[in-house]
Amino acid sequence: MMFNASLAIIALVLLVRNAYAASASDWQKRTVYQVMTDRFALPPSEDAQGKTCDASAQLPCGGTWSGIQNHLDYIQAMGFNAIWISPIVSQLQVPLPPPADGTAYHGYWPENIYALNDAFGSDSDLRSLINAVHSRGMYIMVDVVVNHMATYNTTSPSAAPTSPLAGISLNGYNPFNQDSDYHSFCPITDYGNQTMVEQCWLGSAAVPLADVNTEDQATVDLYYSWINTLISNYTFDGLRIDTVKHIRKSFWPGFANASSVFTLGEVLDGDAQYVGDYTNYLDAVFDYPGWGMILQAFQTTGGSMSMLAQSIQNTSTYFKNGGFSTGSFLENHDQPRFPSFTNDTGLIKNAIAYTFIGDGLPIVYEGQEQEYSGGAVPNNREAIWLSAYEQDKPLFKHITSLNMARQAAMNGSSSFLSTHMKVLSTSAHSIALAKYPMLASLTNIGQGSQGQVSVSVGSLGTGYSANSQLVEVLSCTEVNVDGSGNLAFTTQQGAPAVFLPSSMVNSKVCTNLVKNGSGAPGMFSASVYVISIAAASAIALSMFVGS
Ligand code: ABC
Ligand code: CA
């Protein structure tokens, strides 16, 4: 009787949890804004004071969960329907002035996984944020770290610790307060040695990241039960998982199942085959291999479009569901911001557009919309309140248009969510991509140039036809396909071009439409590129520089 009753309760709990849990296919319809909690928004009481924040100091700047809640309008105004927040658990405290690695302001230095990080607010602040997100119909993804606990080497912070955990006190750690809870100390020195990557330690001499012994079954069970409780207790909709390649692959399916939500893992490596294999263990991983190729393609006007096309091919070969098992990004809290490589707005807009037109879950790191340009960590972690949340910015508008266009494509055709993006053609400075009903032409010709796109849509076999009308949604320009199925369009200032059928373009995508002004050859001044997708399978491409 007792037994049956508890079974019934368990079944009920599972049912209730499943009512909240969001799956990979639920997330596929979303786009994500990455919030670094300490740097996004001050609590409402301090908001107006505009506190300074020197990212290079690596000290807490004061952002909180209540701050995020107070600025959800800003995120939603750009068209995002999901956020990812920093890890939420209680952190290692280091003496001030801090060691070279800084402090735990970022949240990746867990010390007690059963307590919240009070620098970010209280339990009720966190619940209030989650409720506010859900009541807007948005999702919230939490970041979790299970590879390590952070430690501080008290006796010799400048020398490498010796085995095991010399000079480190585990008082107050919860759980894992015994040396035996960790792999014995060894620094990761060879990323080509997978056993070392999994069982040695990240971090520095001053702040060693004590590598949890995830070979131990009791530890595995503890983590599975911890994640199950964390997700159901707070009703998070998804997980961003830190340091995935640092734990053996067989750990992950059980962890993902226990969470019952969508899992997106961080495997920091440029090799598509290496990274892609992790999609057999988790729903998705960040597209680090693709990111490297976006950088090389759009960082300068000399980048290679064929290498970018090759990386799309690699993704479809090595990732479980091709691009659908990726999170697509241009920036994050670990990498230099894209505008630190180039200030060419044409290049920046193309690189951002690329992350929105493909199969992966688009993810934008806070500050991209403000064209922040900080370089390597920690300078890429500028506070967003320093921008005063200005919405009248070119990239804020660009990102909004891309979000609206993606939503319109999804609403306009159910096949958008199942059609893999295809490369139609590449030329020296351009790549044409189709994912019906979206058609895009990206270029690295740069802001000083205009580009002429010419596409024979009749050959695409995707629902476009002669005499139909499309809209280039970033400039809100109407483009008529002629009687032979040809489309001609001129992009200004090296901008990307993204087309949708007119019938799918609502007032959220474009409030006013202008007629296509292309086709006047006299307009071309500096350089002109032509993409022409010819009938049948023959694709003619040409590129004219200068005139
Ligand atoms: C702090 C300071 C830094 C200082 C450092 C010593 O200490 O901020 O200025 O240099 C957190 C904090 C960091 C902090 C670290 C260490 O902890 O955010 O600010 O650095 O205390 C995740 C998170 C990250 C987080 C942690 C730790 C892990 O996203 O924010 O960091 O919880 C490795 C891991 C990866 C990890 C990353 C930081 O380190 O694999 O999970 N990120 C190669 C290796 C990678 C390695 C990377 C490090 O170097 O293969 O495994 O990442 O830079 C490509 C290659 C790659 C190669 C890259 C550099 O080039 O294909 O393989 O990556 O082309
Ligand atoms: Ca490990």
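As the structure lists them, so they are numbered: ligands from 1, and atoms in each ligand from 1. A quick note: this is a predicted structure, and the numbers were derived from the prediction, not measured.
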Peer 1: What protein heavy atom is closest to atom 15 (C) of ligand 1, reported as residue, atom name and distance in Å?
Peer 2: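 The answer is Trp109 NE1, 4.1 Å.
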Peer 1: Among the N, O or S atoms of His246, which one sits nearest to the Ca ion (ligand 2)?
Peer 2: O
Peer 1: Could you check whether Tyr365 and Tyr372 have their ring centres less than 6.0 Å apart?
Peer 2: no
Peer 1: Starting from atom 39 (O) of ligand 1, what is the nearest protein heavy atom, named by residue and atom, and what distance separates them?
Peer 2: Leu202 CD2, 4.4 Å
Peer 1: Ring centroids only, cut at 6.0 angstrom: are Tyr224 and Phe251 within range, meaning strictly under it?
Peer 2: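 Under 6.0 Å, so yes.
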Peer 1: Is there side-chain contact between Glu331 and Pro339, with at least one heavy-atom pair below 4.5 Å?
Peer 2: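 When only atoms from C-beta onward are counted, Pro339 and Glu331 do touch, with a gap below 4.5 Å.
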Peer 1: Can you confirm whether some protein heavy atom lies under 4.0 Å from atom 36 (C) of ligand 1, or whether none does?
Peer 2: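 Neighbour list for atom 36 (C) of ligand 1 includes protein heavy atoms (cut-off 4.0 Å).
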Peer 1: Please find the pair of heavy atoms, one from Ala256 and one from Thr263, that lie closest to each other, and give the distance.
Peer 2: CB-CG2, 3.8 Å
Peer 1: Which of these, Arg39, Gln91, Arg381, sits in a side chain to side chain donor-acceptor pair (under 3.5 Å) with Tyr105?
Peer 2: Arg381
Peer 1: Which angle, to 10 degrees, forms at the Ca ion (ligand 2) with O of Glu198 on one side and OD1 of Asn147 on the other?
Peer 2: 150°
Peer 1: Kindly indicate whether atom 21 (O) of ligand 1 is approached by any protein heavy atom to under 4.0 angstrom.
Peer 2: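 Within 4.0 Å: yes, protein heavy atom nearby.
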Peer 1: Does some non-hydrogen atom of the protein lie less than 4.0 angstrom from atom 42 (N) of ligand 1?
Peer 2: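 There is a protein heavy atom less than 4.0 Å from atom 42 (N) of ligand 1.
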Peer 1: Tell me: protein heavy atom nearest atom 30 (O) of ligand 1, and distance?
Peer 2: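 Ranked first by proximity to atom 30 (O) of ligand 1 is Asp334 OD1, 2.6 Å.
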Peer 1: Checking contacts now, so for atom 4 (C) of ligand 1, which I'm interested in, is there any protein heavy atom under 4.0 Å?
Peer 2: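 Not a single protein heavy atom is under 4.0 Å away.
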Peer 1: Using a 4.0 Å cut-off to any heavy atom of Lys245, which atoms of ligand 1 qualify?
Peer 2: 40 (O), 44 (C), 45 (C), 50 (O), 51 (O)
Peer 1: Quick one: does atom 7 (O) of ligand 1 have a protein heavy atom under 4.0 Å from it?
Peer 2: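 Looking at atom 7 (O) of ligand 1, one finds that a protein heavy atom does lie closer than 4.0 Å.
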Peer 1: Could you check atom 40 (O) of ligand 1 against the protein and tell me its nearest heavy-atom contact, residue, atom and distance included?
Peer 2: His246 NE2, 2.6 Å
Peer 1: Would you mind checking which non-hydrogen protein atom is closest to atom 2 (C) of ligand 1, with the distance to 0.1 Å?
Peer 2: Gln58 OE1, 3.4 Å
Peer 1: Do we see a donor-acceptor contact under 3.5 Å between the side chains of His183 and Glu215?
Peer 2: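 The criterion, which ignores hydrogens and geometry beyond distance, is satisfied for Glu215 and His183.
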Peer 1: Heavy-atom contact under 4.0 Å between Tyr288 and ligand 1?
Peer 2: no
Peer 1: Using a distance threshold of 4.0 Å (strictly less than), state whether atom 48 (C) of ligand 1 has a protein heavy-atom neighbour.
Peer 2: no
Peer 1: Can you check whether a protein heavy atom sits less than 4.0 angstrom from atom 59 (C) of ligand 1?
Peer 2: no
Peer 1: Within the supplied structure, the quantity of interest is the number of heavy atoms (other residues, nucleotides, ligands) at a distance under 6.0 Å from Asn233 CG; does it exceed 12?
Peer 2: yes
Peer 1: Any donor-acceptor pair under 3.5 Å linking the side-chain atoms of Asp277 with those of Gln273?
Peer 2: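 The criterion, which ignores hydrogens and geometry beyond distance, is not satisfied for Asp277 and Gln273.
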Peer 1: Select the closest option to atom 13 (C) of ligand 1 among Met36, Arg240, Arg381, judged by heavy-atom distance.
Peer 2: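 Shortest heavy-atom distance from atom 13 (C) of ligand 1: Arg381.
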Peer 1: Using a strict 4.0 Å cut-off to heavy atoms of His148, name the atoms of ligand 1 that fall inside it.
Peer 2: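 Ligand 1 atoms under the 4.0 Å threshold to His148: 27 (C), 32 (O).
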Peer 1: Go through the steps for His148 and Tyr108 under the test ring pair (Phe, Tyr, Trp, His ring centres under 6.0 Å), then give the verdict.
Peer 2: CA-CA 9 Å; His148 52 261; Tyr108 293 97; 8.4 Å; no
Peer 1: Side chains of Asp125 and Ser122: is there a donor and an acceptor less than 3.5 Å apart?
Peer 2: yes
Peer 1: Which heavy atom in Pro175 sits nearest to a heavy atom in Leu222, and how many Å separate them?
Peer 2: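 Looking at all heavy atoms of both residues, the shortest contact is CG-CD2, 3.8 Å.
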Peer 1: Of the protein's non-hydrogen atoms, which lies at the shortest distance from atom 33 (C) of ligand 1, and what is that distance?
Peer 2: Tyr191 OH, 3.9 Å
Peer 1: Can you confirm, on distance only, whether ligand 1 has an N/O atom lying under 3.5 Å from any N/O atom belonging to Ser204?
Peer 2: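 It does not: no N or O of Ser204 is found under 3.5 Å from an N or O of ligand 1.
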Peer 1: Among all protein heavy atoms, pick the one closest to atom 32 (O) of ligand 1 and tell me residue, atom and distance.
Peer 2: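 Nearest neighbour among protein heavy atoms for atom 32 (O) of ligand 1, to 0.1 Å: Asp242 OD2, 2.8 Å.
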Peer 1: We want to know whether Asn147 and Asp211 form a side-chain donor-acceptor pair, criterion being a heavy-atom distance below 3.5 angstrom.
Peer 2: yes
Peer 1: Verify the distance criterion only: is there a donor paired with an acceptor across the side chains of Gln335 and Tyr288 at less than 3.5 Å?
Peer 2: yes
Peer 1: Specify whether the nearest protein heavy atom to atom 53 (O) of ligand 1 is under 4.0 angstrom away.
Peer 2: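 No.
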Peer 1: Testing the 3.5 Å rule here: is there a donor-acceptor pair between the side chains of Tyr274 and Gln194?
Peer 2: yes
Peer 1: Can you confirm whether more than 12 heavy atoms, excluding those of Lys249, are under 6.0 Å from its NZ atom?
Peer 2: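 Enclosed: over 12 neighbouring heavy atoms sit under 6.0 Å from NZ of Lys249.
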Peer 1: Please identify which atoms of ligand 1 are closer than 4.0 Å to at least one heavy atom of Asp269.
Peer 2: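 Near Asp269, meaning under 4.0 Å from one of its heavy atoms, ligand 1 has 61 (O), 62 (O).
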Peer 1: Find all atoms of ligand 1 within a distance of less than 4.0 Å from any non-hydrogen atom belonging to Asp101, and give their numbers and elements.
Peer 2: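 Heavy-atom distances to Asp101 below 4.0 Å select 1 (C), 2 (C), 6 (C), 7 (O), 8 (O).
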Peer 1: Does any N or O atom in Gly270 lie less than 3.5 angstrom from one in ligand 1, N or O only?
Peer 2: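 By distance alone, the answer is yes.
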Peer 1: Suppose we measure from atom 57 (C) of ligand 1 to each protein heavy atom; which comes out shortest, and what is that distance?
Peer 2: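 Of every protein heavy atom, Leu268 CD2, 4.3 Å lies nearest to atom 57 (C) of ligand 1.
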Peer 1: Would you say the side-chain atoms of Asp143 and Trp84 include a donor-acceptor pair closer than 3.5 Å?
Peer 2: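 The criterion, which ignores hydrogens and geometry beyond distance, is satisfied for Trp84 and Asp143.
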Peer 1: Should Gln335 be listed as contacting ligand 1, given a heavy-atom distance under 4.0 Å as the test?
Peer 2: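 No, Gln335 has no heavy atom closer than 4.0 Å to ligand 1.
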